[in-house]
Amino acid sequence: MLDIKFIRENPELVKQAIANKNEKADIDKLLELDEQRRKIIVEAEELKAKKNKVSAQIPQLKKAGEDISGLLAEMKQVSDEVTALDKKLREVEEELNQILYFIPNMPHESVPVGKTADDNVVVREWAPEGFSFDEDKKFLNHIELGKKLNILDFERGAKVSGSGFPVYIGKGATLERALINFMLDYHLNEHNYTEVFPPFLVNKESMRGTGQLPKMAEDMYYIEKDELYPIPTAEVPITNLHRNEILNESELPKQYVGYSACFRREAGSYGKEARGFLRVHQFNKVEMVKMVKPETSYDELEKIVNDAEDILKALKIPYRVLLLCTGDLSFAAAKCYDLETWSPAENKWLEASSCSNFEDFQARRAKIRFKREGEKKPEFVHTLNGSGLATSRLMVSLLENYQTGDGKIQVPEVLQRYTGFQTIE
RNA sequence: GGAGAGGUGGCAGAGUGGUUGAAUGCGGCGGUCUUGAAAACCGUUGAGGGUUCACGCCCUCCGGGGGUUCGAAUCCCUCCCUCUCCGCCA
């Protein structure tokens, strides 16, 4: 959420930012409500001050034996007016929030302005030694490989749950588990994160805190009976760990890494793009979350991208880093890098990680603050997160890149001590 | 799921209708004393909002929400959470 004061002082900037993000919000209406709100507050507080003053005098007057019935009647009137004004204030604030909660974050000045994914900028590419984009070579895609080697079963997943719920079997399941453990260990040992194993169901306040609600409600699963949401990413429970808290400056930066299953309805996405692992309702992801001092957040963003890249380098999977343009930037993000891994069978890049700086957008919603040494006023932290990484897309690239000419899979070297086997055949 | 107890400031813990944002203790910060430190003593120590160029002034907050009252941490309703006992259970 943006600071209402900032919007008040920079309405044109905000309008431009929203337009650049291909979003809509009625800023003029918002400012009108804001003014109305403050007017009501002034009026109500004057009455409250009067009420408090008189109420304090009443016991003395009573003690002195004076007749206060007239005063009581008058105060009753004042009290009723206050109640009416407070009610009006709540209504105005609700209307105001209805707009405010739907306003996206402002893109950082370093983010290229653009309409669609075509306007994203390739920052760098990486590939292991000896790699080439070999278009002549015949590659089986991950679905074919999964079937042939009996390690993935999309049909049975559809039977048990529905389409988009893949099942890993045998060495496929082991490989998936190995991948998750490898990534967690790597971030713990090489990158100095604190491990978190979060709940997979969260409440409404948490979903609002990180910005999934109210705007993305349609993309979430919801368990009505208990008013809980299956998480779309571990970002939600981990960032909300410190909701409504004031941290000490010395505690920052907070660096968490956690595994979770992720649940997404993916309403409205069908067809070719949804084949196999490319778009699923449940997948596994290792997520990095940081809470940092504002002045360091853009350095931290670069670090988090590097941390995700290190995993791909260790796995020796070709990838590229994309800087997203304003139009492709998600609702809560100020700046975002995507990591895309190469899929030789699809002959294209697949998004396997997304690393974002949210600045104080989430922190303001979730009230995550910190206090500087010697300062009185708490400030909002900056929050960041990055997938490090999502296994489903990564698994596509892994299987396809590590297939041998005769349709077997060579297990990446760094995973072998986790799998206990070197090949899948 | 049933029965009971409870949720107050960083922590502990008073407070059951009237200047209580809240006693007291601990902790934190500042000071006196000291070569320095400890002890002792004195002072200070929450958040949000409105208004103001500013000093300041005002409002709100004692788990969340609503209500009674001129006035609520204190009374009523409701929801949430924690603890104890019983039941059920991976």
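Numbered from 1 within each chain, the chains take letters A, B, ... in sequence-line order. Model, not experiment: these values are computed from the prediction.
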Next on the checklist: Using 30° and 60° as the class boundaries, would you call the ring planes of A:H281 and A:F165 parallel, tilted or perpendicular?
Outcome noted: tilted

Checklist entry - Which value, in whole Å, describes the distance between the P atoms of nucleotides B:rG10 and B:rC85? => result 31 Å

Checklist entry - When the distance from CD1 of A:I4 to C1' of B:rG48 is rounded to whole Å, what number comes out? => result 16 Å

Next on the checklist: What's the gap between B:rC42 and B:rU60 when it is taken at their C1' atoms, as a whole Å value?
Outcome noted: 33 Å

Checklist outcome for this item: Across all chains, not counting sequence neighbours, the side chain to side chain contact (heavy atoms under 4.5 Å, CB included) partners of A:D226 are A:I223, A:L228

Next on the checklist: Roughly how many Å apart are B:rC61 and B:rC80, using the P atom of each and rounding to a whole number?
Outcome noted: 24 Å

Pick out the pairs of N or O atoms, protein on one side and nucleotides 16-18 of chain B on the other, that lie under 3.5 Å.
from, atom 1, to, atom 2, distance (Å)
B:rG18, O6, A:K62, NZ, 2.8
B:rG18, N2, A:S55, O, 3.1

Item to check | Interatomic distance, A:I41 CD1 vs B:rU51 C1' [rounded to whole Å] | outcome: 11 Å

Next on the checklist: Taking side-chain hydrogen bond (donor to acceptor under 3.5 Å, both in side chains) as the definition, give me every residue that meets it alongside A:Y418, ordered by chain and number, with sequence neighbours left out.
Outcome noted: A:D185

Checklist entry - What residues form a side-chain hydrogen bond (donor to acceptor under 3.5 Å, both in side chains) with A:D338, not counting sequence neighbours? => result A:S354

Item to check | A:D34/A:R8 salt bridge by N-O under 4.0 Å criterion | outcome: yes

Anything under 3.5 Å between a donor and an acceptor, one on a side chain of residues 294-301 of chain A, the other on a protein residue two or more places apart or in another chain? List them.
from, atom 1, to, atom 2, distance (Å)
A:E295, OE1, A:R372, NH2, 3.1
A:E295, OE2, A:R372, NH1, 3.0
A:T296, OG1, A:K293, O, 2.8
A:S297, OG, A:P294, O, 3.3
A:S297, OG, A:N357, ND2, 2.9
A:S297, OG, A:H382, ND1, 2.9
A:Y298, OH, A:E359, OE2, 2.4
A:E300, OE1, A:K290, NZ, 2.6

Item to check | Stems involving RNA chain B, each a run of at least 3 consecutive Watson-Crick or G-U pairs under 3.5 Å | outcome: B:1-7 with B:80-86, B:10-12 with B:24-26, B:27-32 with B:40-45, B:46-51 with B:56-61, B:63-67 with B:75-79

Checklist entry - Can you name the residues that form a side chain to side chain contact (heavy atoms under 4.5 Å, CB included) with A:S69, not counting sequence neighbours? => result A:D67

Checklist entry - When the P atoms of B:rU8 and B:rC83 are considered, how many whole Å apart are they? => result 14 Å

Checklist entry - Of A:K377 and A:K76, whose nearest nucleotide on RNA chain B comes first from the 5' end? => result A:K377

Next on the checklist: Taking the basic N atoms (NZ, or NE/NH1/NH2) and the acidic carboxylate oxygens, is any pair closer than 4.0 Å for A:E251 and A:K254?
Outcome noted: yes

Checklist entry - On a whole-Å scale, what distance lies between the C1' atoms belonging to B:rU44 and B:rA54? => result 24 Å

Distance-only donor-acceptor pairs under 3.5 Å for side chains of residues 142-151 of chain A, two or more places apart:
from, atom 1, to, atom 2, distance (Å)
A:H142, NE2, A:F277, N, 2.9
A:E144, OE1, A:N141, N, 2.8
A:K148, NZ, A:G407, O, 3.4

Checklist entry - Taking atom P of B:rG50 as reference, at what distance in whole Å does atom CD of A:E35 sit? => result 14 Å

Checklist outcome for this item: Expected string for nucleotides 54-60 of chain B under the B/S/- scheme (protein heavy atoms, under 4.0 Å, primed atoms plus P, OP1, OP2 as sugar-phosphate) is ----BBS

Item to check | Nucleotide B:rC80, atom C1' - distance to CG of A:D226 in whole Å | outcome: 14 Å

Next on the checklist: Taking B:rA73 as the reference, what is the distance to B:rG17 when you measure between their P atoms (whole Å, please)?
Outcome noted: 13 Å

Checklist entry - Pick the nucleotide of RNA chain B nearest each of A:R38 and A:R369; which residue has the one closer to the 5' end? => result A:R369

Next on the checklist: Looking at A:E245 and A:R369, is there a salt bridge between them, counting it only when a charged N and a carboxylate O are closer than 4.0 Å?
Outcome noted: no

Checklist entry - Is there a donor-acceptor pair under 3.5 Å between the side chain of A:D119 and the backbone N or O of A:T116? => result yes

Item to check | Whole angstrom value for the distance that separates C1' of B:rG49 from CD of A:E43 | outcome: 17 Å

Item to check | Pair A:D307-A:H187, side-chain donor/acceptor within less than 3.5 Å | outcome: no

Checklist entry - Listed in order of residue number, which residues of residues 81-97 of chain A have a non-hydrogen atom at under 4.0 Å from RNA chain B? => result A:R90

Checklist entry - So, are A:K115 and A:D328 salt-bridged, with charged N and O less than 4.0 Å apart? => result no

Checklist entry - Given the C1' atoms of B:rG46 and B:rA39, what is the spacing between them in whole Å? => result 29 Å

Next on the checklist: Tell me the interatomic distance from A:L247, atom CG, to B:rA47, atom C1', rounded to whole angstroms.
Outcome noted: 15 Å

Item to check | Non-neighbouring partners of A:E340 that pass side-chain hydrogen bond (donor to acceptor under 3.5 Å, both in side chains), sequence neighbours left out | outcome: A:R320

Item to check | A:E245 CD to B:rG46 C1', straight-line distance once rounded to whole Å | outcome: 15 Å

Checklist entry - How many Å lie between NZ on A:K39 and P on B:rU51, as a whole number? => result 13 Å

Checklist entry - Would you say a side-chain N or O of A:S79 is under 4.0 Å from OP1 or OP2 of B:rU69? => result no

Could you go through residues 200-208 of chain A and list every donor-acceptor pair under 3.5 Å that involves a side-chain atom there, pairing it with any protein atom two or more places apart or in another chain?
from, atom 1, to, atom 2, distance (Å)
A:N203, OD1, A:E205, N, 3.4
A:N203, OD1, A:S206, N, 3.1
A:N203, OD1, A:S206, OG, 3.1
A:S206, OG, A:R243, NH2, 2.8

Next on the checklist: Between B:rU19 and B:rG71, how far apart are the two P atoms, rounded to whole Å?
Outcome noted: 15 Å

Checklist entry - A:K376 side chain N/O closer than 4.0 Å to the phosphate oxygens (OP1, OP2) of B:rU45? => result no

